S.K.: 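Dumping the structure here so I can ask a few things about it.
Since the structure is predicted, the reported quantities are computational estimates derived from the model, not experimental observations. Position 1 is the first residue of the sequence; numbering continues from there.
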Amino acid sequence: MRRNDDTSMLEKVMLILQTFRTAGGPQRLADIARSTHLPKSTVHRLIQPLLDLNLLQRVDGGFALGLVLFELGELVPVKSQLRQAALPFMQDLFAATHQTVHLGVRDGYDVVYAEKIHGHGGVDLPSRIGGRLPLTCTGIGKALLAFALPEVLDEVLGQPLRRLTPHSITDLDLLKDEVSRVQTAGVAYDREEAAVGGCCVAAPVVVSGVAIAALSVSVPVAQFQPARLGPAVRTAALGLSRKLNRLW
């Protein structure tokens with residue numbers, strides 16, 4: 001019985017912590033209770049030990065994630081190893097384009113952004129480090145899908161296609177054609193599918209034949225020049241792929 005109680009408590013704690021992923025900033029007790037569908041009394045009871053352990057901290061307006069989570073996050077391999085290897089290539093891309101550069105990995109049906117270098121473009125991008133967006137609405141996501149294991153591609157394409165903007169692809173046949181083009185060209189595009197006014201060019205980072213990450217450059221739609229940006233992104237992704245294949 002104690003084991004079930006412990007599992008239930010851990011699940012509730014994870015629900016509380018995961019609400020910060022969606023919110024992207026501090027939250028009030030009422031916000032957390034509403035997001036988790038837990039009683040306020042339960043949330044209040046569970047938050048105190050999280051504060052004691054520095055997993056959460058009090059801030060103006062409520063609660064925020066604590067430094068312990070930040071310290072642990074820096075030790076996650078995708079953060080410490082992949083990010084360290086990718087940063088020189090990302091910096092080269094930024095120097096060449098002066099636009100926002102992303103490094104992303106797949107988690108389930110989403111892209112999780114592992115690193116981001118902010119560019120000078122004026123478009124308001126929905127991406128943030130540690131944040132996630134649907135694979136099917138992003139250039140990085142399409143690059144990851146095109147060079148994923150076949151069963152991963154089949155599973156993702158078997159789910160309902162999500163819409164973030166009027167330009168998001170929600171027709172399965174159109175998306176399959178898009179993925180096929182990425183497999184041929186080695187470059188993926190997002191044409192205002194994740195954010196109106198923003199486009200991106202992405203390329204996969206392939207280790208042992210499978211995409212483990214992808215790099216992208218995001219630009220305002222008025223500066224979307226695939227012929228110029230595509231080779232630069234693909235060159236950076238190939239360079240990072242070669243480096244990781246040597247390391248791993």
S.K.: To the nearest 0.5 Å, how far apart are CZ in R163 and SG in C137?
M.R.: 9.0 Å
S.K.: Quick check on the hydrophobic clustering: are L240 and V187 connected, directly or via other members, by side-chain heavy-atom contacts under 4.5 Å?
M.R.: yes
S.K.: Taking the side chain as every heavy atom from C-beta outward, state whether K12 and I16 have any pair of such atoms under 4.5 Å apart.
M.R.: no
S.K.: Nearest 0.5 angstrom please: L157 CG to D173 CG, how far?
M.R.: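 With rounding to 0.5 Å, CG (L157) is 10.5 Å from CG (D173).
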S.K.: OG1/T19 to CG/D31 distance, rounded to the nearest 0.5 angstrom?
M.R.: 8.5 Å
S.K.: With side-chain contact (heavy atoms from CB on, under 4.5 Å) as the test, would you mind laying out the steps for R83 and I129 before giving the verdict?
M.R.: CA-CA 11 Å; R83 175 181 173 275; I129 297 176; over 6 Å; no
S.K.: Apply the test side-chain hydrogen bond (donor to acceptor under 3.5 Å, both in side chains) to residues S127 and K116: give CA-CA distance (whole Å), side-chain angles for both, the deciding distance (0.1 Å), then the verdict.
M.R.: CA-CA 8 Å; S127 58; K116 177 178 181 178; 3.2 Å; yes
S.K.: Name the one of I117, V111, L125 that satisfies side chain to side chain contact (heavy atoms under 4.5 Å, CB included) with H102?
M.R.: L125
S.K.: Hydrophobic clusters here meaning ILVMFWY residues chained together by side-chain heavy-atom distances under 4.5 Å, can you tell me if V156 and L161 are in one?
M.R.: yes
S.K.: Do L15 and L55 share a hydrophobic cluster (ILVMFWY, side-chain heavy atoms under 4.5 Å, transitive)?
M.R.: no
S.K.: For residues L53 and V68, determine if any side-chain heavy atom of one lies less than 4.5 Å from a side-chain heavy atom of the other.
M.R.: no
S.K.: Using the rule that Ile, Leu, Val, Met, Phe, Trp and Tyr join whenever any side-chain heavy atoms are under 4.5 Å apart, tell me whether V207 and L149 fall into a single cluster.
M.R.: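 V207 and L149: separate clusters.
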S.K.: So, T100 side chain and H118 main chain: donor-acceptor pair closer than 3.5 Å or not?
M.R.: no
S.K.: Begin from the C-alpha positions of E178 and Y189 and carry the test side-chain hydrogen bond (donor to acceptor under 3.5 Å, both in side chains) through to its verdict.
M.R.: CA-CA 9 Å; E178 184 99 346; Y189 302 111; over 6 Å; no
S.K.: Tell me the salt bridge (Lys or Arg N to Asp or Glu O under 4.0 Å) pairs involving residues 85-112, sequence neighbours left out?
M.R.: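 Listed once each, the pairs are D107-R132, D110-R132, D110-R162.
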S.K.: Counting only heavy atoms not in R28 (residues, nucleotides, ligands), do more than 12 fall under 6.0 Å from its CZ?
M.R.: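 At most 12 heavy atoms, drawn from other residues, nucleotides or ligands, come within 6.0 Å of this atom.
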S.K.: When rounded to the nearest 0.5 angstrom, what is the spacing between CG in L46 and CG in L51?
M.R.: 11.0 Å
S.K.: Are F147 and V182 side-chain neighbours, meaning at least one heavy-atom pair lies under 4.5 Å?
M.R.: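 They are in contact (side-chain heavy atoms under 4.5 Å apart), so the answer is yes.
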S.K.: Which one of L175, D190, T136 satisfies the side chain to side chain contact (heavy atoms under 4.5 Å, CB included) criterion with I169?
M.R.: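 Between I169 and the candidates, side chain to side chain contact (heavy atoms under 4.5 Å, CB included) is satisfied uniquely by L175.
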S.K.: Looking only at heavy atoms, which two atoms of L29 and F63 are closest? And how far apart?
M.R.: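 It is N-CE1, 4.1 Å.
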S.K.: Would you give the length of the straight line joining atom CZ of R242 to atom CG of N245, rounded to the nearest 0.5 angstrom?
M.R.: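 R242 CZ to N245 CG: 10.0 Å, rounded to 0.5 Å.
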S.K.: side-chain contact (heavy atoms from CB on, under 4.5 Å), that's the test. Do Q183 and V179 meet it? Break it down for me.
M.R.: CA-CA 6 Å; Q183 291 169 337; V179 170; 4.0 Å; yes
S.K.: At their closest point, which heavy atom of V196 faces which heavy atom of P166, and how far apart are they?
M.R.: CG2-CD, 4.2 Å
S.K.: Mind checking whether L82 and I212 have side chains closer than 4.5 Å, heavy atoms only?
M.R.: yes
S.K.: Run the side-chain contact (heavy atoms from CB on, under 4.5 Å) check on F224 and V201 step by step: do they pass?
M.R.: CA-CA 9 Å; F224 185 49; V201 180; 3.6 Å; yes
S.K.: To check you understand the geometry: which heavy-atom pair defines the closest contact between S216 and C200, and what is its length?
M.R.: CB-SG, 4.2 Å
S.K.: As a quick check of understanding, evaluate side-chain contact (heavy atoms from CB on, under 4.5 Å) for V13 and L17, giving each step before the final call.
M.R.: CA-CA 6 Å; V13 166; L17 294 177; 4.1 Å; yes
S.K.: State, to 0.1 Å, how close V221 and E192 come at their nearest heavy-atom pair, and which atoms those are.
M.R.: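 Closest approach of V221 to E192, heavy atoms only: CG2-OE2, 3.9 Å.
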S.K.: Looking only at heavy atoms, what is the nearest atom pair of P226 and P231, with distance?
M.R.: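 Smallest heavy-atom distance, with atoms named: O-CD, 3.9 Å.
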S.K.: With a 4.5 Å limit on heavy-atom distance, are the side chains of R181 and T184 in contact?
M.R.: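 They are not in side-chain contact.
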S.K.: Could you check if a side-chain atom of I140 sits within less than 4.5 angstrom of a side-chain atom of Y113, using non-hydrogen atoms only?
M.R.: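 The answer is yes; the side chains approach within 4.5 Å.
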S.K.: Please report the shortest heavy-atom distance between A143 and A188, naming the atom on each side.
M.R.: N-CB, 3.8 Å
S.K.: Is it true that a side-chain atom of S35 and a backbone atom of I32 form a donor plus acceptor pair closer than 3.5 Å?
M.R.: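 A pair under 3.5 Å: no.
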S.K.: Measuring from L172:CG to Q159:CD, what's the distance to the nearest 0.5 Å?
M.R.: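 If we round to the nearest 0.5 Å, L172:CG and Q159:CD are 11.0 Å apart.
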S.K.: Can you tell if the side chain of Q223 reaches within under 4.5 Å of the side chain of C199, non-hydrogen atoms only?
M.R.: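 The answer is no, as the side chains (C-beta and beyond) never meet within the 4.5 Å cut-off.
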S.K.: Is the closest side-chain heavy-atom distance between L56 and L65 below 4.5 Å?
M.R.: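 Heavy-atom side-chain distance check passes, below 4.5 Å.
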S.K.: Applying a strict under-4.5 Å side-chain criterion to I, L, V, M, F, W and Y, I'd like to know whether L145 and L164 cluster together.
M.R.: yes
